[in-house]
Amino acid sequence: MSIPAILVVDDEYNTRMGVSYTLQQWGGDKVEIVVAENGLQALNMLHEREYDLLITDIRMPLMTGIKLLETLREEKNEVAAILLTGFAEFEYAQQGLRLGAVDYLLKPVQQSELIQTAEKGLSIARLAKERRERLMKQHAGQLEHGALQEIEGSSGDERDSLSLHTSNEYVIKAVQYIEEHISDVLTIKEVAQQVHLNPSYFSVLFKEEAGLTFIDYVTQLRMKKAKELLKGSNLSLDAISEQIGLQTTSYFIRMFKKFESMTPKQYRDQVKMK
């Protein structure tokens with residue numbers, strides 16, 4: 001198994017070398033530390049290979065840390081990132097968080113804070129990687145069980161929208177909580193409290209990371225779970241409705257028909273005929 005790789009980007013030599021030295025002393029031979037002098041050089045390096053964690057200054061010539069992160073997200077690169085800044089302005093932290101940054105640190109960087117935040121970033125990167133691998137296995141399993149036509153057809157958008165490739169700590173935790181409590185009545189306020197964010201800010205963050213609203217994500221996940229239960233069990237519609245967190249069977253039937261253009265019974269009968 002390969003060791004985690006961290007890319008440190010800063011145009012200031014002393015900061016760049018100080019951060020990389022601290023991390024190397026902390027990680028020893030269990031972590032690989034690579035450095036870049038500016039955002040443009042870092043972008044080219046990120047095109048050449050994968051890194052588990054990006055630690056980048058915000059203000060740099062040629063390409064700022066924010067622009068670097070924006071470009072990576074546009075390219076669907078969800079590398080975990082930590083921002084370094086000498087400017088104690090919330091707008092930088094907010095902009096970085098919206099781009100999926102794990103955290104930000106003020107210069108001069110304190111060694112203990114750097115190590116603690118790097119550990120946090122690598123942990124999030126590992127969880128995101130495990131989640132991606134788990135989703136890939138799930139999709140492979142669906143293909144093996146004869147669901148190819150369904151995946152390529154109407155549920156293709158569902159598959160893509162529910163496969164969240166994000167390194168954002170808050171969204172990862174929120175999605176885990178949603179999946180574990182899908183049989184409950186879930187509200188955005190409740191989930192935001194679980195990840196310690198303001199509901200309004202969490203709503204914006206979730207939409208930007210997931211590509212769909214919190215309500216749409218929960219609803220699509222419930223319909224996905226319903227289809228799995230309709231295919232893989234003999235549970236009644238009442239029981240399935242309860243297991244996916246919907247209060248009434250009539251509402252479940254109405255929502256399922258809206259998403260699949262057929263009733264749950266018709267869907268189950270269709271699956272049995274294949």
Side-chain angles (χ1 to χ4, degrees), residues 1-12 15-60 63-86 92-134 164-173 175-176 195 205 209:
M1 184 176 179
S2 60
I3 62 174
I6 302 176
L7 178 59
V8 178
V9 191
D10 201 304
D11 61 308
E12 296 177 358
T15 301
R16 183 170 70 249
M17 300 313 295
V19 168
S20 60
Y21 178 79
T22 298
L23 292 174
Q24 197 66 73
Q25 289 294 107
W26 158 70
D29 59 0
K30 295 182 179 180
V31 65
E32 178 187 2
I33 310 298
V34 184
V35 298
E37 297 181 6
N38 56 64
L40 194 56
Q41 182 186 15
L43 182 62
N44 291 330
M45 293 169 69
L46 283 154
H47 286 163
E48 293 174 357
R49 59 166 289 188
E50 288 187 4
Y51 289 88
D52 298 277
L53 180 63
L54 169 68
I55 300 178
T56 178
D57 187 23
I58 285 181
R59 291 201 174 185
M60 296 181 292
M63 178 180 281
T64 67
I66 293 296
K67 183 60 179 176
L68 171 61
L69 205 52
E70 286 178 343
T71 304
L72 291 171
R73 297 312 186 230
E74 288 171 0
E75 296 175 351
K76 307 303 181 185
N77 186 327
E78 298 295 338
V79 61
I82 296 169
L83 300 175
L84 307 178
T85 178
Y92 289 119
Q94 186 178 48
Q95 195 172 1
L97 286 173
R98 289 188 174 185
L99 289 167
V102 173
D103 211 336
Y104 77 107
L105 297 171
L106 292 177
K107 293 182 177 181
V109 179
Q110 301 298 311
Q111 289 187 343
S112 59
E113 289 185 3
L114 172 63
I115 291 171
Q116 183 179 9
T117 308
E119 289 176 338
K120 175 181 174 184
L122 288 175
S123 176
I124 289 171
R126 178 177 54 79
L127 289 172
K129 184 177 181 180
E130 289 174 354
R131 175 173 171 75
R132 286 194 297 270
E133 291 175 350
R134 186 169 68 249
L164 305 184
H165 302 305
T166 176
S167 59
N168 187 279
E169 172 189 15
Y170 302 106
V171 176
I172 290 172
K173 288 184 177 179
V175 168
Q176 290 174 340
V195 297
L205 179 65
E209 289 290 318

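Numbers here simply count residues along the sequence, with the first being 1.
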Margin query: Run the side-chain hydrogen bond (donor to acceptor under 3.5 Å, both in side chains) test against Asn168 and tell me which residues pass, sequence neighbours left out.
Written below: none
Next item on the list: Report the residues that fulfil side-chain hydrogen bond (donor to acceptor under 3.5 Å, both in side chains) with Thr15, sequence neighbours left out, ordered by chain and then residue number.
Entry: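 By the side-chain hydrogen bond (donor to acceptor under 3.5 Å, both in side chains) rule, Thr15 matches Glu12.
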Checklist line | Pair Asp57 + Lys107, salt bridge at N-O below 4.0 Å | finding: yes
Shortest non-hydrogen contact between [X] and [Y], atoms and distance:
X      : Y      : value
Val9   : Gly39  : CG1-N, 4.0 Å
Val195 : Lys173 : CG1-CB, 3.8 Å
Ile58  : Leu83  : CG1-CB, 4.0 Å

Check: Does a side-chain heavy-atom distance below 4.5 Å link Leu114 with Val109?
Finding: yes
Note to self: With heavy-atom distances below 4.5 Å as the criterion, would you say the side chains of Leu84 and Ile55 are in contact?
What the structure shows: yes
Straight-line distance of [X] [atom1] to [Y] [atom2], nearest 0.5 Å:
X      : Y      : atom1 : atom2 : value
Ile124 : Glu119 : CD1   : CD    : 12.0 Å
Thr117 : Gln110 : OG1   : CD    : 11.0 Å
Ile66  : Met60  : CD1   : CE    : 9.5 Å
Ile172 : Leu127 : CD1   : CG    : 6.5 Å

Only counting residues at least two apart or in another chain, list the ones meeting side-chain contact (heavy atoms from CB on, under 4.5 Å) with [X].
X      : answer
Ala118 : Leu23, Trp26, Leu53
Met45  : Leu7, Val34, Ala36, Gln41, Tyr51
Gln111 : Thr22
Leu43  : His47, Met63, Leu68, Thr71, Leu72, Glu75

Notebook entry, point to check: What salt bridge (Lys or Arg N to Asp or Glu O under 4.0 Å) pairs are there with at least one residue in residues 23-46, not counting sequence neighbours?
Noted result: Glu32-Arg49
Test salt bridge (charged side-chain N to carboxylate O under 4.0 Å, His left out) applied to [X] - qualifying residues, sequence neighbours left out:
X      : answer
Arg16  : none
Glu70  : none
Lys120 : Asp103, Glu169

Next item on the list: Before giving the answer on side-chain contact (heavy atoms from CB on, under 4.5 Å), spell out for Leu205 and Val171 the whole-Å C-alpha distance, their side-chain angles and the decisive distance to 0.1 Å.
Entry: CA-CA 8 Å; Leu205 179 65; Val171 176; 4.1 Å; yes
Checklist line | Criterion side chain to side chain contact (heavy atoms under 4.5 Å, CB included) against Ile6, the qualifying member of Ile33, Ile82, Val19 | finding: Ile33
Note to self: Tell me whether Asp52 contacts the main-chain N or O of Ala5 through its side chain, where contact means a donor paired with an acceptor under 3.5 Å.
What the structure shows: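 Yes.
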